[in-house]
Amino acid sequence: MTEATKAGLEGIVAGKTSISTVGKEGLDLTYRGYSIHDLAKKATFEEVVFLLLHGELPTLTQLNEFIDQLMSLRSLPPELQTVLKLIPKDSNPMDVLRTGCSMLGTLEPEKSSSLQLSIAKRLLAIMPSMLLFWYQYHMGKGSIETSSESEKTIAAHILHLLYGHPASPSQIRALDVALILHAEHEFNASTFTCRVITSTLSDFYSAITGGICALRGPLHGGADEAAMEQISQFKSVDEAEAGIKSMLSKKEKIMGFGHRVYKYGDPRSDIIKEWAKKLADEPSKKNLFSIAERIEEVMFREKHLYPNVDFYSALTYHFLGIPTFLFTPLFVISRTSGWCAHIFEQRANNRLIRPIAEYVGPLPKPFIPIEERN
Ligand code: SDX
């Protein structure tokens, strides 16, 4: 008889990784050994992607080559554009990305696992194009050009496609930091989904599509959109205090709070909170920021719960003028880098992932012919 496992595999070590450390005693959140605080302050998202995929930070030459490669991979095949146009305007944009990823997999199939790095770069480069092509098409902008190389970085490219003009350096850096913070996080639900799919020797696109599907849920990546909905329902700090207390009394979840691993705070939250504060540069934004801080205070006082990466990321995206329903797709664009790293790692030392269950069903029974059943 196996020891009963805590629900949701809580605390279960499900494998080895050398990619990141999350919530390890006395250890910061690190990617390939580098602290998230150093990376968020001193690196760019492209440096972090290179680090995750290759295991080391790039030299300046390697970084410039990597950026040029990603820029050259942004174009959308005509067949993919046709499919994106067919996806209804009121669809969940996460469904756009999972459909787009699957369609790309039929147009540019993974003929050999030796092509995995090329596919990883293609997916990292094309995700913003797929998302914003669909979005702008349904905003009446027709078929926008997504392969322009006027913007070197992914953050700048996303904002330019969204705004229709170049973003400011501080807007670009705010999104760049958010992408760094969302890039990787050990065996979270969507990454573990990618690893399970990879362990069956399925293809790269199936694993990434599975990751997108898992991230969609509001208990995981979808929390940023749900958090924004909750924050924006309040007009004042006092209204927020009363509202959150009322929700808690009804056992409702306050999105963007709590974490399966971090019980004393998510190290990413303070970093992105600083950026939300920087972007709160006018009265309405300052009011929203103070409402968010009051919610944080109430959640600690009433439940001893801390904000996770999603809470202040939601505010940061909102202050950047990003529509709420595009928040979680930004998580996909970022986390595709971590997913790719984990697919590489799983393939490098693969064994089918197949845990067992603790059986709690009925004892063996004799078969009853259908004519005797009532
Ligand atoms: C991400 O795993 C990762 O690393 C994920 C992630 C990543 O980078 O990949 O960090 C990204 O997904 C962050 C989490 C985003 N999700 C949310 O913000 C949704 C709201 N949070 C909760 O649903 C919850 O905190 C989870 C899902 C994040 C963690 O859930 P657990 O570990 O299963 O904890 P639980 O639901 O069993 O809660 C324990 C207690 C319960 O109270 P009691 O019933 O024991 O009285 O804490 C309470 C819960 O009700 N609780 C909350 C709460 N989170 C936990 N109460 C109100 N609001 C919350 N947000």
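All residue numbers refer to positions in the sequence shown, counting from 1. Quick caveat, the model's predicted, so the values are computed rather than measured. Both counts, for ligands and for their atoms, begin at 1 and track the order of listing.
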For ligand 1, which atoms sit closer than 4.0 Å to a heavy atom of [X]?
X	result
G256	17 (C), 18 (O)
E252	57 (C)
P218	16 (N), 19 (C)

L80 vs I126, side-chain contact (heavy atoms from CB on, under 4.5 Å): CA-CA, chis, key distance, verdict: CA-CA 11 Å; L80 179 51; I126 204 173; 4.0 Å; yes
Parallel, tilted or perpendicular, as decided by the 30° and 60° cut-offs, for the rings of [Y] and [X]:
X	Y	result
Y262	H185	tilted
H220	F331	perpendicular
Y312	F289	tilted

Any salt bridge linking [X] with [Y]? Criterion: basic side-chain nitrogen under 4.0 Å from a carboxylate oxygen.
X	Y	answer
D270	K273	no
R122	E108	yes
R301	E241	yes
R294	D238	yes

So, does [X] sit close enough to ligand 1 that a heavy atom of it is under 4.0 Å from the ligand?
X	result
R268	yes
K251	yes
A189	no
H182	no
G8	no

Whether E110 side chain and Y205 backbone form a donor-acceptor pair below 3.5 Å: no
E345 and S18: side chain donor to acceptor below 3.5 Å: yes
E225 and T324: side chain donor to acceptor below 3.5 Å: no
Residue part near ligand 1, for H259, under 4.0 Å between non-hydrogen atoms: both
Criterion ring-ring contact (aromatic ring centres under 6.0 Å, His included) on F257 and F311, from CA distance to verdict: CA-CA 7 Å; F257 282 87; F311 189 66; 4.6 Å; yes
Which is closest to [atom] in terms of heavy atoms, [options]?
atom	options	answer
atom 52 (C) of ligand 1	L305, L219, V309	L305
atom 30 (O) of ligand 1	E302, R260, H304	R260
atom 49 (C) of ligand 1	M247, H220, K253	K253
atom 28 (C) of ligand 1	G222, G258, A226, G221	G258

Hey, is [atom] under 4.0 Å from any protein heavy atom?
atom	result
atom 20 (C) of ligand 1	yes
atom 60 (N) of ligand 1	yes
atom 57 (C) of ligand 1	yes
atom 4 (O) of ligand 1	yes
atom 34 (O) of ligand 1	no
atom 25 (O) of ligand 1	yes
atom 38 (O) of ligand 1	no

So is [X] polar-close to ligand 1, meaning N/O to N/O under 3.5 Å?
X	result
D266	no
E10	no
L248	no
D310	no
A223	no

Residue pair A156 / E151: nearest heavy atoms and the distance that separates them: CB-OE1, 3.5 Å
F66 atom CZ: more than 12 heavy-atom contacts under 6.0 Å: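 Count over threshold, so yes.
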Heavy-atom neighbours of E371 CD exceed 12 at 6.0 Å: yes
Where is the nearest protein heavy atom to [atom]: which residue, which atom, and how far?
atom	answer
atom 2 (O) of ligand 1	N188 CB, 3.5 Å
atom 14 (C) of ligand 1	N308 ND2, 3.6 Å
atom 42 (O) of ligand 1	K303 NZ, 4.0 Å
atom 9 (O) of ligand 1	R335 NH1, 2.8 Å

Member of I158, T146, L330, L159 meeting the side-chain contact (heavy atoms from CB on, under 4.5 Å) criterion with P128: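 Running side-chain contact (heavy atoms from CB on, under 4.5 Å) over I158, T146, L330, L159 with P128 returns exactly one hit, I158.
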